[in-house]
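In each ligand, atom 1 is the first atom listed, and ligand 1 is the first ligand listed. The structure presented is a predicted model; accordingly, all values stated were derived computationally and were not measured.
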Amino acid sequence: MPRYDFRCRSCGATFELRRPMSQAGDPAVCPQGHEDTVKLLSTVAVTGAATAAPQAPSGGGGCCGGGCCS
Ligand SMILES: [Zn+2]
């Protein structure tokens with residue numbers, strides 16, 4: 001089950017919850033009982049972004065690559 005990190009905007013605490021992906025967007029309540037929380041980037045998402053290396057532009061994609069557009 002994926003783990004999600006949250007931060008409470010009321011007291012500043014960070015905490016993590018394990019929940020099904022189907023409930024990933026559900027609001028989370030801080031351990032102190034505050035409901036004003038935001039979901040942080042999950043470890044899964046960060047790893048995925050790092051794996052997806054940026055692709056170099058290939059070619060020039062039409063006439064803009066040759067400078068005739070400017
Ligand atoms: Zn809190």
Side-chain angles (χ1 to χ4, degrees):
M1 190 173 295
R3 189 193 71 199
Y4 299 94
D5 293 320
F6 293 85
R7 186 170 64 84
C8 176
R9 292 193 287 192
S10 294
C11 67
T14 56
F15 57 100
E16 59 186 45
L17 293 177
R18 295 176 188 273
R19 50 167 51 169
M21 291 189 74
S22 60
Q23 298 175 16
D26 289 1
V29 179
C30 150
Q32 306 301 321
H34 305 126
E35 295 183 359
D36 188 11
T37 60
V38 291
K39 187 159 71 70
L40 304 177
L41 285 176
S42 69
T43 305
V44 175
V46 172
T47 303
T51 303
Q55 298 287 325
S58 61
C63 70
C64 289
C68 65
C69 290
S70 60

Within a strict 4.5 Å, meaning less than it, do heavy atoms of the Leu17 and Phe6 side chains meet?
yes

Separation between CZ of Arg18 and CE of Met1, rounded to the nearest 0.5 Å
9.0 Å

Tabulate below the donor-acceptor pairs under 3.5 Å that side-chain atoms of residues 23-38 make, not counting sequence neighbours, or state none.
from, atom 1, to, atom 2, distance (Å)
Asp36, OD1, Arg9, NE, 3.0
Asp36, OD1, Arg9, NH2, 3.0
Thr37, OG1, Ala28, O, 2.6

Heteroatom count (protein N, O or S) under 2.8 Å of the Zn ion (ligand 1)
4

Please lay out, stage by stage, how Asp5 and Arg7 fare under the test salt bridge (Lys or Arg N to Asp or Glu O under 4.0 Å).
CA-CA 7 Å; Asp5 293 320; Arg7 186 170 64 84; over 6 Å; no

The test is side chain to side chain contact (heavy atoms under 4.5 Å, CB included); show your working for Tyr4 and Arg19 and say whether it passes.
CA-CA 8 Å; Tyr4 299 94; Arg19 50 167 51 169; 3.4 Å; yes

